[in-house]
Student: 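For reference, the structure I am asking about is given below.
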Amino acid sequence: MTQSVVVQVGQCGNQIGCCFWDLALREHAAVNQKGIYDEAISSFFRNVDTRVVGDGGSISKGKICSLKARAVLIDMEEGVVNEILQGPLRDVFDTKQLITDISGSGNNWAVGHRVFGSLYQDQILEKLRKSAEHCDCLQCFFIIHSMGGGTGSGLGTFLLKMLEDEFPEVYRFVTSIYPSGEDDVITSPYNSILAMKELNEHADCVLPIDNQSLFDIISKIDLMVNSGKLGTTVKPKSLVTSSSGALKTQHKKPFDAMNNIVANLLLNLTSSARFEGSLNMDLNEISMNLVPFPQLHYLVSSLTPLYTLTDVNIPPRRLDQMFSDAFSKDHQLLRADPKHSLYLACALMVRGNVQISDLRRNIERLKPSLQFVSWNQEGWKTSLCSIPPVGHSHSLLALANNTCVKPTFMELKERFMRLYKKKLPFSLVTLSDIPIPHDLEQGVHFVACTRHFSFQISGRFL
């Protein structure tokens, strides 16, 4: 059994990561009711004997003593990490695997990448090595970050280069949250463009997720609950309700529920690596089968049932309808329409009591409506995991290497150019007002290449 390490960077990355660990614990508790430390749990958790002084003695088998997440938490503001350490999951994280600062990156890619990257490089590397040493067979690093903020975009992409240099044989899967057009961070287009250059060069697979798409999904849940459609109900203390029990209003973005959807995506992505199935898919097979060329590694994801929140009671979808939903634009976690674009490859990761014959039948049914490149007409990769998500009989995660990502990148480029043409002061994204150590002075001019990076990125995708 292989292991993976999750690296959570920035406020967004740590909030999604916290949600992921919560749902992972629920899922393993539902499956492993005897409390035995098995291979499934070991993929993301260590079993530690807290009675041993120091790092704690790792226990490879037997009863669960104390689970510690294989995670590194990084944020240049300590608020979110402190909340996690004071919350119900405080005992899941190793306090020696945290890196925080006080000042924050000020929504500035250059500060996160050039200042904090150089300042904390040795500490980050030491904690990554320590996490790797606790793994018997390290297969993958999962990086969770946002593209719009300073720490997530800057330090998150600095981390990618470090991982490539130190662990070249270990796959790097990146979950990147892209800012919406109504994002309140004025520098988010600059940060996103600069971060994308690093993603192009140093990531093995990138799962781009649009904040607006997540908000639209939660809005649909609200609409279904308010209309009482199909007997939909929400439990009193649901993630999609406020503390008072009333549904959150449309103008307030329910970030907890949005984070929960991304966490469910990661749970489904890693299900074959954690549980048995008749047709398991290793994580490295995703990269090998879906990425035909190194920089064409942006995979559009769709999750169905769409409402995989464990506290939303919605009647299950029929199996055939579930496959159809996975290819509709309403179920994408990126604002895109894959059916009207070109597929390079596609992976279907099914969980629950589903037969291989059902999988093949639905692929043959959907094939005529999907356009694949001429040199990869049979570009399908499939996976069947016998363990369904908590509260559901089956689920489907579709990962598509599809040209429908182009409009997202086009829009991002246009937002960047609108700001640049207005000559928005580059002090917002430069280091002019920040004290810089002598050995970092040569990095100050780095952000002046912003315009060059934008055209370089647009030339690759447009």
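Quick caveat: nothing in here was measured; it's all calculated off a predicted structure.
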Student: So, do Tyr171 and Met288 sit near enough that their side-chain heavy atoms are less than 4.5 Å apart?
Tutor: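 Counting from C-beta outward, Tyr171 and Met288 do come under 4.5 Å.
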
Student: Indicate whether any N or O donor in one side chain lies under 3.5 Å from an N or O acceptor in the other, for Thr95 and Arg90.
Tutor: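 Side chains of Thr95 and Arg90: no pair found under 3.5 Å.
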
Student: If you look at every heavy atom in Ile124 and Met162, which pair is closest and at what distance?
Tutor: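 Looking at all heavy atoms of both residues, the closest pair is CG2-SD, 3.9 Å.
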
Student: Run the salt-bridge test on Arg274 and Glu39 with the 4.0 Å N-O cut-off and return the result as yes or no.
Tutor: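 Glu39 and Arg274: not salt-bridged.
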
Student: Does a side-chain heavy-atom distance below 4.5 Å link Phe323 with Asp358?
Tutor: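 SC-SC contact between Phe323 and Asp358 ruled out.
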
Student: Just checking, any donor-acceptor pair under 3.5 angstrom between side chains of Asp325 and Gln321?
Tutor: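 Looking only at side-chain atoms, Gln321 and Asp325 do form a donor-acceptor pair, the distance falling under 3.5 Å.
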
Student: Is there side-chain contact between Val350 and Thr382, with at least one heavy-atom pair below 4.5 Å?
Tutor: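 No, too far: nothing below the 4.5 Å cut-off.
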
Student: With side-chain hydrogen bond (donor to acceptor under 3.5 Å, both in side chains) as the test, would you mind laying out the steps for Ser131 and Gln97 before giving the verdict?
Tutor: CA-CA 8 Å; Ser131 296; Gln97 293 298 88; 2.6 Å; yes

Student: Tell me the closest heavy-atom pair linking Val5 and Cys135, and the distance in Å.
Tutor: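 Scanning both residues, the minimum pair turns out to be CG2-SG, 4.1 Å.
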
Student: Kindly assign one of parallel, tilted or perpendicular to the pair Tyr178 and Phe409, based on the angle between their ring planes and the thresholds 30° and 60°.
Tutor: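 If you compare the ring of Tyr178 with that of Phe409, the planes turn out tilted.
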
Student: Kindly determine whether Met196 and Ser176 satisfy side chain to side chain contact (heavy atoms under 4.5 Å, CB included), including the steps that lead there.
Tutor: CA-CA 10 Å; Met196 278 192 67; Ser176 300; over 6 Å; no

Student: Look up atom CD in Gln123 and atom CD in Glu126, then write down how far apart they are to the nearest 0.5 Å.
Tutor: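 The distance works out to 9.5 Å.
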
Student: Tell me if a side-chain donor or acceptor on His392 pairs with a main-chain N or O of Pro389 at a distance below 3.5 Å.
Tutor: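 No; judged by distance alone, with no hydrogens or angles, the pair does not exist.
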
Student: Before giving the answer on side-chain hydrogen bond (donor to acceptor under 3.5 Å, both in side chains), spell out for Ser383 and Asn280 the whole-Å C-alpha distance, their side-chain angles and the decisive distance to 0.1 Å.
Tutor: CA-CA 5 Å; Ser383 166; Asn280 273 13; 5.4 Å; no

Student: Tell me which one of Leu128, Val72, Leu159, Val174 satisfies side chain to side chain contact (heavy atoms under 4.5 Å, CB included) with Phe141.
Tutor: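 The passing option is Leu128.
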
Student: Indicate yes or no: at least one non-hydrogen side-chain atom of Pro179 is less than 4.5 angstrom from one of Met147.
Tutor: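 They are in contact (side-chain heavy atoms under 4.5 Å apart), so the answer is yes.
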
Student: Below 4.0 angstrom, N of the basic side chain to O of the carboxylate: do Glu201 and Lys197 qualify?
Tutor: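 Yes.
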
Student: When you compare the side chain of Thr151 with that of Glu77, does any pair of heavy atoms fall below 4.5 Å?
Tutor: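 No - every pair of side-chain heavy atoms lies 4.5 Å or more apart.
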
Student: Work out which heavy atom in Ser118 is nearest to a heavy atom in Phe158; give both atom names and the distance.
Tutor: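 Smallest interatomic distance, heavy atoms only, reads N-CZ, 4.1 Å.
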
Student: According to salt bridge (Lys or Arg N to Asp or Glu O under 4.0 Å), does anything in residues 154-164 pair up with another residue at least two apart or in another chain? List the pairs.
Tutor: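 Qualifying pairs: Lys161-Asp165, Glu164-Arg172.
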
Student: More than 12 heavy atoms of other residues, nucleotides or ligands under 6.0 Å from CG of Asn32: is that the case?
Tutor: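 Yes, the 6.0 Å shell around CG holds more than 12 heavy atoms from other groups.
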
Student: Judged by modelled atom types alone, do Ser395 and Asn268 share a side-chain donor-acceptor pair under 3.5 Å?
Tutor: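 Looking only at side-chain atoms, Asn268 and Ser395 do form a donor-acceptor pair, the distance falling under 3.5 Å.
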
Student: Do you know the tightest heavy-atom contact between Gln3 and Cys137?
Tutor: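 So the two residues come closest at OE1-N, 2.8 Å.
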
Student: Could Lys68 and Asp91 be called an ion pair, given the rule that one side-chain N must be under 4.0 Å from one carboxylate O?
Tutor: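 Looking at Asp91 together with Lys68, the answer is no, because their closest N to O distance does not fall below 4.0 Å.
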
Student: Tell me whether the count of non-hydrogen atoms from other residues, nucleotides or ligands lying under 6.0 Å of CD in Glu276 goes above 12.
Tutor: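 It does not: Glu276 CD has 12 such atoms or fewer within range.
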
Student: Contact between Leu283 and Phe142 at the side-chain level, heavy atoms closer than 4.5 Å - yes or no?
Tutor: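 Yes, close enough: below the 4.5 Å cut-off.
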
Student: Evaluate side chain to side chain contact (heavy atoms under 4.5 Å, CB included) for Leu269 paired with Leu207, printing each intermediate quantity in order.
Tutor: CA-CA 11 Å; Leu269 179 65; Leu207 303 178; 3.9 Å; yes

Student: For the residue pair Asp320 and Asn362, confirm or rule out a side-chain donor-acceptor distance under 3.5 Å.
Tutor: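 Indeed, the side chains of Asp320 and Asn362 share at least one donor-acceptor pair under 3.5 Å.
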
Student: Could you work out, with salt bridge (Lys or Arg N to Asp or Glu O under 4.0 Å) as the rule, every residue matching Glu78, not counting sequence neighbours?
Tutor: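 Not a single residue meets the salt bridge (Lys or Arg N to Asp or Glu O under 4.0 Å) criterion with Glu78.
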
Student: Are Phe275 and His28, when compared by the centres of their aromatic rings, separated by less than 6.0 Å?
Tutor: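 That pair passes the under 6.0 Å test.
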
Student: Taking the side chain as every heavy atom from C-beta outward, state whether Leu23 and Arg26 have any atom pair closer than 4.5 Å.
Tutor: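 Yes; the side chains approach each other to less than 4.5 Å.
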
Student: Regarding Ser43 and Arg70, do their side chains bring together a donor and an acceptor under 3.5 Å, going by distance alone?
Tutor: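 No, no side-chain donor-acceptor pair sits under 3.5 Å.
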
Student: Please confirm whether the backbone N or O of Ile74 pairs with a side-chain atom of Asn14, one donor and one acceptor, at under 3.5 Å?
Tutor: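 Between the backbone of Ile74 and the side chain of Asn14 there is a qualifying donor-acceptor contact (under 3.5 Å).
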
Student: Asp122 side chain to Leu125 main-chain N or O, any donor-acceptor pair under 3.5 Å?
Tutor: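 Here the side-chain-to-backbone pair does not exist.
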
Student: For the ring pair Phe215 and Phe255, is the centre-to-centre distance below 6.0 Å?
Tutor: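 No.
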
Student: Could you walk me through whether Gln139 and Asp282 pass the side-chain hydrogen bond (donor to acceptor under 3.5 Å, both in side chains) check?
Tutor: CA-CA 9 Å; Gln139 183 184 43; Asp282 216 350; 2.8 Å; yes

Student: For a quick test of reading the model, state the closest non-hydrogen atom pair linking Ile64 to Ile36 and the distance between them.
Tutor: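 Closest pair (atom of Ile64, atom of Ile36, distance): CG1-C, 3.9 Å.
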
Student: Take Asn401 and Cys346, measure what side chain to side chain contact (heavy atoms under 4.5 Å, CB included) needs, and give me the verdict at the end.
Tutor: CA-CA 6 Å; Asn401 195 333; Cys346 184; over 6 Å; no

Student: Does atom CZ (Arg361) have a neighbourhood of more than 12 heavy atoms from anything else shown, all under 6.0 Å?
Tutor: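 Counting other residues, nucleotides and ligands, CZ of Arg361 exceeds 12 neighbours.
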
Student: Any side-chain to backbone donor/acceptor pair from Gln332 onto Ala326? Under 3.5 Å, distance only.
Tutor: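 Side chain of Gln332 to backbone of Ala326: a pair is present.
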
Student: For His145 and Gly152, work out which heavy atoms get closest and say how close.
Tutor: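 Shortest heavy-atom separation between His145 and Gly152 comes out as ND1-O, 2.8 Å.
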
Student: For Tyr298 and Asn200, run side-chain hydrogen bond (donor to acceptor under 3.5 Å, both in side chains): C-alpha distance rounded to whole Å, both residues' side-chain angles, the deciding distance at 0.1 Å, then the answer.
Tutor: CA-CA 9 Å; Tyr298 291 86; Asn200 289 343; 2.7 Å; yes

Student: Any carboxylate oxygen within less than 4.0 angstrom of a Lys/Arg side-chain nitrogen, looking at Arg335 and Asp216?
Tutor: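 Judged by the 4.0 Å cut-off on N to carboxylate O distance, Arg335 and Asp216 do not form a salt bridge.
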
Student: Are side-chain heavy atoms of Thr187 and Asn108 found at a separation under 4.5 Å?
Tutor: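 They are not in contact (no side-chain heavy atoms under 4.5 Å apart), so the answer is no.
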
Student: Indicate yes or no: does Glu27 engage Arg351 in a salt bridge with an N to O separation below 4.0 Å.
Tutor: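 Here Glu27 pairs with Arg351 in a salt bridge, since their nearest N and O are under 4.0 Å apart.
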
Student: Could you tell me which residues satisfy ring-ring contact (aromatic ring centres under 6.0 Å, His included) with Tyr343, sequence neighbours excluded, listed by chain and number?
Tutor: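 In terms of ring-ring contact (aromatic ring centres under 6.0 Å, His included), with neighbours along the sequence ignored, Tyr343 is linked to Phe372.
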
Student: Give a yes or no answer on whether the side chain of Lys381 reaches the backbone of Leu399 with a donor-acceptor pair at less than 3.5 Å.
Tutor: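 Side chain of Lys381 to backbone of Leu399, a donor-acceptor pair under 3.5 Å: no, none is there.
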
Student: Determine, step by step, whether Leu67 and Arg46 satisfy the side chain to side chain contact (heavy atoms under 4.5 Å, CB included) criterion, reporting the C-alpha distance in whole Å, the side-chain angles of both residues, the deciding distance to 0.1 Å, and the verdict.
Tutor: CA-CA 6 Å; Leu67 290 180; Arg46 293 191 299 128; over 6 Å; no

Student: Evaluate the ring planes of Trp109 and His113, with Trp represented by its six-membered ring, and classify them as parallel (under 30°), tilted (30 to 60°) or perpendicular (over 60°).
Tutor: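 Rings of Trp109 and His113: parallel, under 30°.
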
